[in-house]
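In this text the structure is predicted, and so the values were computed from the model without any measurement.
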2 protein chains.
Amino acid sequence: MNVDALPLLATSSCCQPLDRAGLTDKDAETTAAIFKALSEPARVTIVNLLARSPEPVCVCELTPALRLSQPTVSHHLKKLVDAGLLHREQRGVWAFYTLDREALDRAAGILQLEGVRT
Amino acid sequence: MNVDALPLLATSSCCQPLDRAGLTDKDAETTAAIFKALSEPARVTIVNLLARSPEPVCVCELTPALRLSQPTVSHHLKKLVDAGLLHREQRGVWAFYTLDREALDRAAGILQLEGVRT
DNA sequence: GACAGATATCGACGTTTGTCGATACGCTTC
DNA sequence: GAAGCGTATCGACAAACGTCGATATCTGTC
């Protein structure tokens, strides 16, 4: 199986807590790439808009909300899809995007350490 | 109170779930900045090393582990401190760093949506 | 107070990234 | 199949970033 072809958040080693032992260079790279997807204000806003909608959201609705050009919005959407956080769905000429809430959950899991808390 | 002078993860509006309404441009910027701190493999490795240690860790221990130059490691540590994820402690000539586990928890909270799950 | 060692800051460099205009692609309709 | 529309890709550019060598700063020691 070609892991590199999958969205980051679908790979097997992507979502282990940050306090696990034996973190390889590749693991660190994968984890960093996931958070890099969320490291731009425009992409945070996209996730926010999708998180608040129970239905898939059209690009034609995202573009004016972000006040960015259409190619730039498309660029950010691709980054989020590549990271595994969003799903794309074609409806006629329109493209609709959905937030993968489970993927977001798994990303949160990376930040939840296993150690006993006081 | 000058919020800008505080570590990101200590500001009041930093850690609200990503599905809340009324996300401003500034909120998106703050949230993105937090994840940007975790968007580099070297910094992920630093957090991993600190998460696995119950004691503060010396820079002199981090530098060889990261296989990066001392100025570069210092640079990454500063980024993580500025984000509010790490604390710095001076012990003689040595600098020790500690992971702020509560800050990491709050960062995880951003990714945990409040909506009812199916 | 001069010295030695650990860490932070500075300056410079190449790479990556966000942004946009222009253009290509895919779908629907006539 | 031609035209129109929504979206993705391409090419270019400026800004941001990671990296390192050189240097400054701070601390403890003699």
Check your understanding: Judged by modelled atom types alone, do A:Thr30 and A:Asp27 share a side-chain donor-acceptor pair under 3.5 Å?
Key -> no
Practice item. Measure the distance from CZ on B:Arg67 to C1' on D:dT19 and round it to the nearest whole Å. Key: 15 Å
Exercise for review: Kindly point out which of C:dT7, D:dG18, D:dT7 is positioned nearest to the side chain of A:Val59?
Suggested key: D:dT7
Practice item. Report the distance from atom CD of A:Glu61 to atom C1' of D:dT7, rounded to the nearest whole Å. Key: 16 Å
Check your understanding: Side chain of A:Arg88: nearest nucleotide among C:dC20, D:dG18, D:dA8?
Key -> D:dA8
**Study point:** B:Lys78 side-chain N/O to C:dT7 phosphate OP1/OP2 under 4.0 Å
**Key:** no
Check your understanding: Among C:dG21, C:dT7, D:dT19, which is the nearest nucleotide to the side chain of A:Pro71?
Key -> C:dG21
Study note, to complete from the structure: Which of C:dA8, C:dT7, D:dT7 is nearest the side chain of A:Ala95? It is D:dT7
Review point. D:dT7, C:dC20, C:dG18: which one has an atom nearest the side-chain heavy atoms of A:Glu40?
Key: C:dG18
**Study point:** Side chains of A:Leu38 and B:Leu111 in contact at under 4.5 Å (non-hydrogen atoms)
**Key:** yes
Review point. Can you list the steps and then say if A:Asp25 with B:Arg67 is a salt bridge (charged side-chain N to carboxylate O under 4.0 Å, His left out)?
Key: CA-CA 11 Å; A:Asp25 287 0; B:Arg67 283 160 297 159; 3.1 Å; yes
Exercise for review: Report yes if at least one side-chain N or O of A:Thr72 is closer than 4.0 Å to OP1 or OP2 of C:dT19; otherwise report no.
Suggested key: no
**Study point:** B:Trp94 CH2 - D:dT25 C1' separation (whole Å)
**Key:** 17 Å
Practice item. Using atom CD of B:Glu89 as one end and atom P of D:dT27 as the other, report the distance to the nearest whole Å. Key: 14 Å
Check your understanding: Are OP1 or OP2 of D:dA16 and a side-chain N or O of B:Lys36 less than 4.0 angstrom apart?
Key -> no
Check your understanding: Same cluster for B:Leu104 and B:Val81 if Ile/Leu/Val/Met/Phe/Trp/Tyr side chains link at under 4.5 Å?
Key -> yes
Point to revise | Listed nucleotide nearest any side-chain atom of A:Gln90, set C:dA8, C:dC27, D:dC20 | key: C:dC27
Review point. What nucleotide, of C:dA8, D:dT19, C:dT7, holds the atom closest to the side chain of B:Ser74?
Key: C:dA8
Check your understanding: Would you say the base of C:dA8 and the side-chain of B:Gln70 have a donor-acceptor pair closer than 3.5 Å?
Key -> yes
**Study point:** A:His76 NE2 - D:dT9 P separation (whole Å)
**Key:** 15 Å
Review point. When we call it a touch if two heavy atoms are under 4.0 Å apart, what does B:Phe96 touch: a base, just sugar-phosphate, or nothing?
Key: nothing
Check your understanding: When you match A:Gly92 and A:Ala42 each to their closest nucleotide on DNA chain C, which lands nearer the 5' end?
Key -> A:Ala42
Practice item. Look at B:Arg91 and D:dT27 and indicate whether a side-chain polar atom (N or O) is within less than 4.0 Å of OP1 or OP2. Key: no
Practice item. Can you tell me the distance, in whole Å, between the OH atom of A:Tyr97 and the P atom of D:dG6? Key: 16 Å
Check your understanding: So, is B:His75 close to the D:dC20 phosphate, meaning a side-chain N or O under 4.0 Å from OP1 or OP2?
Key -> no
Check your understanding: Given the rule in the salt bridge (charged side-chain N to carboxylate O under 4.0 Å, His left out) test, do A:Asp82 and A:Lys78 qualify, once you have shown the distances and angles that lead to the verdict?
Key -> CA-CA 6 Å; A:Asp82 288 347; A:Lys78 182 172 169 50; 3.7 Å; yes
**Study point:** Distance, rounded to the nearest Å, where A:Leu80 contributes CG and D:dA8 contributes P
**Key:** 12 Å
Check your understanding: Can A:Val57 be reached from A:Phe96 by stepping across I, L, V, M, F, W or Y side chains whose heavy atoms are under 4.5 Å apart?
Key -> no
Check your understanding: Starting at CG of A:Leu68 and ending at P of D:dT7, how long is that distance when rounded to a whole Å?
Key -> 15 Å
Study note, to complete from the structure: Per atom distances to the B:Val93 side chain, the nearest of C:dA6, D:dA8, C:dC10 is C:dA6
